[in-house]
Protein chains: 2
Amino acid sequence: MENLDQTDKTILRILQNDSKKTAKEIASMLNLTVSPVYERIRRLENQGFIKKYVAILDKMRIGKAVTVMCQVSMRYHNEAFIDEFEEQIQDLQEVQECYHAVGQVDFILKIHVGSLEEYHEFLRYKLSKIKNIGVLNSIFLIKEIKQTSEYYI
Amino acid sequence: MENLDQTDKTILRILQNDSKKTAKEIASMLNLTVSPVYERIRRLENQGFIKKYVAILDKMRIGKAVTVMCQVSMRYHNEAFIDEFEEQIQDLQEVQECYHAVGQVDFILKIHVGSLEEYHEFLRYKLSKIKNIGVLNSIFLIKEIKQTSEYYI
DNA sequence: TTTTTTACTAAAGGTGATTGTGCAAACGTT
DNA sequence: AACGTTTGCACAATCACCTTTAGTAAAAAA
């Protein structure tokens with residue numbers, strides 16, 4: 001019940017790369033009929049293996065030419081400040097990802113903006129407004145070597 | 001032709017969060033009928049704004065409990081070594097993302113594995129096998145504050 | 001004004017999603 | 001070995017939506 005067999009894994013691999021594939025197409029790739037494939041997909045959804053289906057946009061096409069990994073360290077590490085930081089990050093549209101890290105930095109943020117000017121404004125008028133930020137370190141990503149949402153299973 | 005109007009942007013925002021939404025549902029959200037919505041979606045696909053549709057898995061559910069940002073600097077910065085690195089990264093299943101950076105480090109990798117043990121093996125038997133790697137710095141991500149594939153448009 | 005473009009509504013045919021039934025193989029138990 | 005249970009699959013039928021086409025209206029350009 002809990003485990004994924006090889007067929008499940010193959011279905012997940014296919015859907016991670018193209019969720020528009022029909023149950024029919026997947027079935028013929030697996031030498032099955034539609035219904036077992038359909039049932040498996042529904043089970044994978046209901047059991048939470050598949051979290052959601054999304055469209056992936058071309059970031060250059062929509063004018064997000066600049067990607068930055070922003071490393072943030074807090075000045076003081078008390079719970080209230082941390083909570084406040086995490087809350088405020090949610091509302092920043094430029095922040096696509098934010099993680100609490102362990103090591104040299106406290107947080108790592110992935111930022112998408114249209115230009116260096118926009119990034120400057122993001123830093124100056126949004127990120128810097130959050131209290132208690134100590135060190136702030138920007139690493140600009142100038143080329144995508146590999147970029148996927150797929151997990152290997 | 002080239003630009004996105006407000007309707008396009010709303011459609012893209014909806015599809016970035018749930019690509020299973022039907023044209024019918026989107027149409028009713030926008031107070032439109034089905035065909036203009038459908039035509040716009042097809043146009044957004046054909047013009048490359050929408051790159052693909054994917055299923056997003058729950059990484060904990062599929063046993064990828066450990067996420068690491070791995071910062072790599074090369075020993076020598078000649079083109080051949082760089083190209084070789086970029087090629088070999090493609091084949092590493094644990095690497096979900098890899099970017100060429102500018103600043104203190106040369107590359108940033110996002111790694112997903114099931115355990116610290118697995119990460120150790122990844123470093124030892126896969127990443128370290130790549131020639132010319134100098135500094136290698138692992139930052140463990142212990143909590144997702146924000147995690148999406150959506151671009152704000 | 002005329003032409004062209006753009007975005008829309010409406011309707012219809014094709015296709016896939018969805019569901020139910022039944023079969024067959026595998027497994028566990030007696 | 002025989003029986004019951006479970007699991008996974010095939011088949012078929014219905015339903016909903018996708019997809020396309022044709023036609024209309026409004027706005028922009030000539």
Side-chain angles (χ1 to χ4, degrees), chain A residues 1-58 60-64 114 148-153, chain B residues 1-58 60-64 114 148-153:
Chain A
M1 168 76 95
E2 182 58 26
N3 267 349
L4 301 172
D5 64 14
Q6 197 50 53
T7 303
D8 290 326
K9 290 180 182 177
T10 305
I11 291 174
L12 288 178
R13 196 173 322 124
I14 292 168
L15 291 178
Q16 280 189 103
N17 283 289
D18 179 9
S19 61
K20 284 289 193 231
K21 278 245 181 339
T22 64
K24 197 176 184 179
E25 287 174 302
I26 297 173
S28 87
M29 293 168 81
L30 298 172
N31 291 320
L32 291 174
T33 54
V34 179
S35 37
V37 172
Y38 173 73
E39 281 166 13
R40 281 169 184 268
I41 292 175
R42 226 176 52 137
R43 183 169 48 80
L44 292 167
E45 291 168 357
N46 292 337
Q47 295 185 354
F49 291 101
I50 296 174
K51 208 158 55 172
K52 57 177 180 173
Y53 297 94
V54 302
I56 302 293
L57 305 192
D58 185 322
M60 298 310 270
R61 208 78 178 73
I62 56 170
K64 302 295 180 186
T148 172
S149 55
E150 182 180 4
Y151 298 98
Y152 181 79
I153 38 179
Chain B
M1 167 73 96
E2 181 60 25
N3 266 350
L4 301 173
D5 65 14
Q6 197 50 53
T7 304
D8 289 327
K9 290 181 182 178
T10 305
I11 291 173
L12 288 178
R13 195 172 323 124
I14 292 168
L15 290 178
Q16 280 190 102
N17 284 290
D18 180 9
S19 61
K20 285 290 192 221
K21 278 249 185 328
T22 63
K24 197 177 183 179
E25 286 174 301
I26 296 172
S28 87
M29 292 166 81
L30 297 173
N31 292 319
L32 292 174
T33 53
V34 179
S35 33
V37 172
Y38 173 73
E39 281 166 13
R40 280 170 183 267
I41 292 174
R42 226 178 52 140
R43 200 187 71 234
L44 292 167
E45 290 167 358
N46 292 338
Q47 295 186 353
F49 292 100
I50 296 174
K51 207 158 55 172
K52 58 178 179 171
Y53 297 94
V54 303
I56 302 293
L57 305 192
D58 185 322
M60 298 308 271
R61 209 77 179 72
I62 56 170
K64 302 295 179 186
T148 173
S149 54
E150 182 179 5
Y151 296 99
Y152 182 79
I153 38 177

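Side chains included, hydrogens not; waters and symmetry mates left out as well; all remaining heavy atoms used. Here is how names work: the chains are called A, B, and so on, in the same order as the sequence lines, proteins then strands, and each is numbered from 1.
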Classify the nucleic acid contact of A:Thr33 as base, sugar-phosphate or nothing, counting any heavy atom under 4.0 Å across all strands shown.
base
Taking atom P of D:dG8 as reference, at what distance in whole Å does atom CG of A:Leu30 sit?
15 Å
Got a list of side-chain donor-acceptor pairs under 3.5 Å for residues 6-16 of chain A, not counting sequence neighbours?
residue : atom : partner  : partner atom : Å
A:Asp8  : OD1  : A:Arg40  : NH1          : 2.9
A:Asp8  : OD1  : A:Arg43  : NH2          : 2.9
A:Asp8  : OD2  : A:Asp5   : N            : 3.3
A:Asp8  : OD2  : A:Arg43  : NH2          : 3.2
A:Thr10 : OG1  : A:Gln6   : O            : 2.9
A:Gln16 : OE1  : A:Tyr151 : N            : 2.7
A:Gln16 : NE2  : A:Tyr151 : O            : 3.0

Rounding to a whole Å, what distance do you find between B:Asn31:CG and C:dA7:P?
18 Å
Non-hydrogen atoms of B:Lys64 and A:Tyr152 that approach each other most closely:
CE-O, 3.0 Å
Whole-Å gap separating P (C:dC8) and CD1 (B:Ile41):
13 Å
Hits for side-chain contact (heavy atoms from CB on, under 4.5 Å) against B:Val54, two or more places apart or cross-chain, chain-then-number order -> A:Val54, A:Ile56, A:Ser149, B:Lys52, B:Ile56
If the condition is side-chain hydrogen bond (donor to acceptor under 3.5 Å, both in side chains), which residues does A:Lys21 pass it with, not counting sequence neighbours?
A:Asp18
What residues form a side-chain hydrogen bond (donor to acceptor under 3.5 Å, both in side chains) with A:Glu25, not counting sequence neighbours?
A:Thr22
Below 3.5 Å is the cut-off: list the nitrogen or oxygen pairs between protein and nucleotides 18-20 of chain C, distance only.
residue : atom : partner : partner atom : Å
C:dT18  : OP2  : A:Tyr38 : OH           : 3.4
C:dT18  : O5'  : A:Tyr38 : OH           : 2.9
C:dT19  : OP2  : A:Tyr38 : OH           : 3.4
C:dT19  : OP2  : A:Arg42 : NH1          : 3.2

Spacing of B:Leu32 atom CG relative to D:dT24 atom C1', expressed in whole Å:
16 Å
Starting at atom NZ of A:Lys20, determine the distance to atom C1' of C:dG16, rounded to an integer number of angstrom.
12 Å
Between NZ of B:Lys24 and C1' of C:dA17 the distance, given in whole Å, is 14 Å
Looking at residues at least two apart in the chain, or sitting in another chain, which of them share a side-chain hydrogen bond (donor to acceptor under 3.5 Å, both in side chains) with A:Asp58?
none
If I take atom CZ in residue B:Arg43 and atom C1' in nucleotide D:dT19, what distance separates them, rounded to the nearest angstrom?
17 Å
Nearest whole Å is fine: how far is D:dC18 C1' from B:Tyr53 OH?
13 Å
